[in-house]
Amino acid sequence: MAGVKIQAPKGVSEYVPPRSKLFEFVRECLINPARMAGYQLMELPVFEDTELFTRGVGESTDVVSKEMYTFTDRGDRSITLRPEGTAGAMRAVIEHGLDRGQLPVKIWYSGAYFRAERPQAGRYRQFYQVGIEAIGLDDPAIDAEVIAIADAGFKAIGLKKYRLDITSLGDAHSRAAHRVDLLKYIQGLDLDEATVARAALNPLRLFDDKREEMRKAMAAAPLLMDYLSQESREHFEKVTSYLDALGIAYELNPRMVRGLDYYTGTTFEFVHELLGAQSGIGGGGRYDGLMAELGGQELSGIGFGLGVDRALLAAEAEGVLAPEGFLSDLFIIPLGASAMVKVLELAQELRAAAKSVEIAFGDRSLKAAMKAADKSGARYVIVIGEEELNSKSVELKNMNSGVSVSVTIDSLVNAL
RNA sequence: GUGGACGUAGCUCAGCUGGUAGAGCACCCGGUUGUGGUCCGGGAUGUCGCGGGUUCGAGCCCCGUCGUUCACCCCA
C-alpha cells in the first residue's frame with residue numbers, strides 16, 4: 001500500500017533536533033556582529049532572473065557555467081536558484097534605489113543557497129550562508145571592519161582553529177598587466193588539456209591546483225601582488241595595518257584564488273584546520289565594478305559570505321556545544337484533566353513574561369512526565385494537581401540540585 | 001562531471017566458508033499512595049536501500065539503480 005519512500009533530494013543539508021539547536025546558535029553568532037555594527041536586514045528571494053548571475057558572477061566561473069539550478073517558469077522566463085548572495089543583494093539595492101540614498105549602504109542577510117555540485121563533506125546542494133555588504137565606500141577601514149565582523153562571528157561560536165588568508169587582486173590595470181605575464185609563464189608549462197582549458201578561462205585558477213606537480217610548476221609564476229598599482233598597494237597596506245591594530249591575525253596569501261569573477265582589491269578567506277577538503281568557512285572581498293555592471297551607480301562595495309553549515313561542522317570538530325540558554329526555564333506537569341486549563345493559562349502568562357515553559361501533554365504517568373522533564377533539560381519543574389489548585393502554591397523543584405521549595409503560583413515569575 | 005568506499009531496527013554496528021536476522025544505546029511499561037537522573041524486570045521495532053540475476057535456498061555472490069561518504073574539480 002505504502003508507496004516508495006520519499007527522501008530528501010540529493011545533497012541537501014538539513015538540521016533536525018537535537019543538532020538544529022547548534023545550527024541555530026552558530027547562525028546567530030554569525031549574524032549578531034553585523035547587527036552590532038549597524039548593518040540592516042535584507043530579506044531576498046531565493047530565485048532570480050538567470051541573467052543576474054551570468055552577468056554578475058561571471059560566465060567563466062564554474063558556479064555559473066555548471067553549478068546553477070536553472071529552469072524555465074510558466075511565463076517562459078529563465079529562473080535560477082541563487083548560487084550566492086552578493087549579486088541578488090546588489091540587484092535589490094539598485095531596484096529599491098538604496099544606492100541613491102545615504103552611503104554606505106550596510107546590509108546583512110541569511111538564507112539558503114543552491115549549487116548543483118557533487119555532494120561532499122561540507123559541500124551541499126542546498127546550504128546556508130550569512131552575508132553582509134557595505135556599498136559605496138572606498139575607505140580601507142571598511143575592509144577591515146567587514147573582516148573583523150566575520151572574525152567576531154567565528155570567535156563568538158568559540159572557534160579557534162582557523163586562519164584568515166588575505167590578499168589583494170588590485171584594480172583592473174594591475175590585473176591586466178599581471179595576466180599578460182602569467183599567461184606567458186603558463187604557456188611555457190607542459191599542461192594537460194583540462195588544465196589548459198581552465199587557464200584559458202581564468203589563469204589565476206592554476207594557483208589553486210592541489211596536485212603536487214602543479215604546485216611545483218606554479219612555484220615560480222608571477223604573483224599578482226607584485227603588479228599592484230601604487231593606489232592598490234596603499235589601500236591594501238592600510239587594510240592590513242588596521243587588522244594589526246585590531247589584533248586580528250592574518251596570513252598574506254598571494255596565491256589565494258576566489259571563484260567569483262566580480263572580486264577586485266582586498267579579498268579574504270577564512271579556512272578551518274579540521275575540516276577536510278572543503279575547509280573554507282567564509283570568504284569575501286571587494287567588488288568595485290559590480291554595481292555598475294548590474295546597472296546601478298558606480299559604487300564600490302565589499303562583503304562576505306560565511307558558511308553556516310561549515311561553521312557548524314567546524315564547531316563540532318572543535319567540540320563546541322550549544323549553550324544552555326537554549327533550554328527551557330520551567331516544565332509543568334498537569335495532574336488530572338481539571339489541572340490542564342490552569343496549566344495552559346499559567347504557561348501563557350509566564351511565556352508572556354519571557355520565561356520559556358514546556359508542558360507535559362498526554363495522559364501519562366507522573367514518572368513518565370518527570371522523565372520527560374529531565375530530558376527536556378528544563379531548569380525547574382512543577383506539578384499542578386488538585387492540591388496545588390486548592391492551595392495556590394506549588395513545589396518548585398530545581399532539576400539540577402533536586403531541591404524543591406514551596407512558592408505561590410502568583411510569585412512563580414519572580415522565582416524563575 | 002570523474003574516481004574509490006559504503007548502504008542490516010530511531011542511532012551505532014555485529015552477522016562465521018550463502019540456509020529465511022542479533023547486540024548496545026535510545027524508546028515504551030512496570031518495581032503499589034503525586035516527583036526525574038542510578039539500578040532491576042518486562043516490551044515493541046526491521047519489505048537486511050530498491051530492482052533484477054545466479055542458486056534447492058542470498059543480508060551475505062553478480063548486474064543495475066538510488067542514496068550516503070571520501071577525494072578530484074570547485075567552493076560556503
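A note on names: the letters A, B, ... follow the listed sequences, proteins ahead of strands, and every chain is numbered from 1.
Partners of A/A176 by side-chain contact (heavy atoms from CB on, under 4.5 Å), not counting sequence neighbours: none found. Looking at residues two or more places apart in sequence or on another chain, you find a side-chain contact (heavy atoms from CB on, under 4.5 Å) between A/A339 and A/P334, A/I384, A/L389.
Listed candidates were B/rA76, B/rU35, B/rU68. Nearest to the side chain of A/K10 is B/rU68. Checking B/rA76, B/rG34, B/rG36 against the side-chain heavy atoms of A/L366 singles out B/rG34 as nearest.
For B/rC70, the OP1/OP2 oxygens have no side-chain nitrogen or oxygen of A/R118 closer than 4.0 Å. Under 4.0 angstrom from either OP1 or OP2 of B/rG1 there lies no side-chain N or O belonging to A/K66.
Between A/L366 and A/V383, some side-chain heavy-atom pair lies under the 4.5 Å cut-off.
A/R82 forms a cation-pi arrangement with A/Y113, by the criterion of a distance under 6.0 Å to the ring centre and an angle within 45° of the ring axis.
Across all strands, A/N202 comes closer than 4.0 Å to no nucleic acid atom at all (heavy-atom distances). Heavy atoms of A/K397 sit under 4.0 angstrom from at least one base atom. Nucleic acid contact for A/E387: base, since at least one base atom lies under 4.0 Å from a heavy atom of the residue. Residue contacts for A/I281: at a heavy-atom cut-off of 4.0 Å it reaches the sugar-phosphate backbone alone, with no base atom in range. Contacts of A/S365 with the nucleic acid, taken as non-hydrogen atoms under 4.0 Å apart, involve only primed sugar atoms and P, OP1 or OP2. If you check every strand for non-hydrogen atoms under 4.0 Å, A/R115 touches a base.
Using modelled atom types and a 3.5 Å distance limit, the side chains of A/Y69 and A/E67 yield no donor-acceptor pair. Using modelled atom types, one finds a donor on one side chain and an acceptor on the other under 3.5 Å when comparing A/S174 with A/D171. Residues A/Y109 and A/Q129 have side chains that never bring a donor and an acceptor to within less than 3.5 angstrom of each other.
For the pair A/K106 (side chain) and A/A37 (backbone), a donor-acceptor distance under 3.5 Å is present. Formation of a donor-acceptor pair under 3.5 Å by the A/S300 side chain with backbone atoms of A/L137 is found in this model. Remark: side-chain polar atoms of A/S365 are paired, donor with acceptor, to backbone N or O of A/A368 under 3.5 angstrom.
A donor and an acceptor atom never sit less than 3.5 Å apart when one is taken from the side chain of A/Q120 and the other from the base of B/rC75. Taking only distance into account, the side chain of A/E388 meets the base of B/rG34 through a donor-acceptor pair shorter than 3.5 Å.
Residue pairs meeting the side chain to side chain donor-acceptor pair (under 3.5 Å) criterion with at least one partner in residues 25-40 of chain A, sequence neighbours excluded, are A/E28-A/R35, A/Y39-A/E145.
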Once Watson-Crick and G-U wobble pairs under 3.5 Å are found, how is RNA chain B written in dot-bracket notation, 5' to 3', with | for any base paired to another strand?
(((((((..((((........)))).(((((.......))))).....(((((.......))))))))))))....

Annotated protein contacts, base or backbone, on nucleotides 39-44 of chain B with a non-hydrogen cut-off under 4.0 Å, one of B, S, - each
------

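Listed in residue order, the members of residues 121-132 of chain A having a heavy atom less than 4.0 Å from RNA chain B are A/A121, A/G122, A/R123, A/Y124, A/F127, A/Q129.
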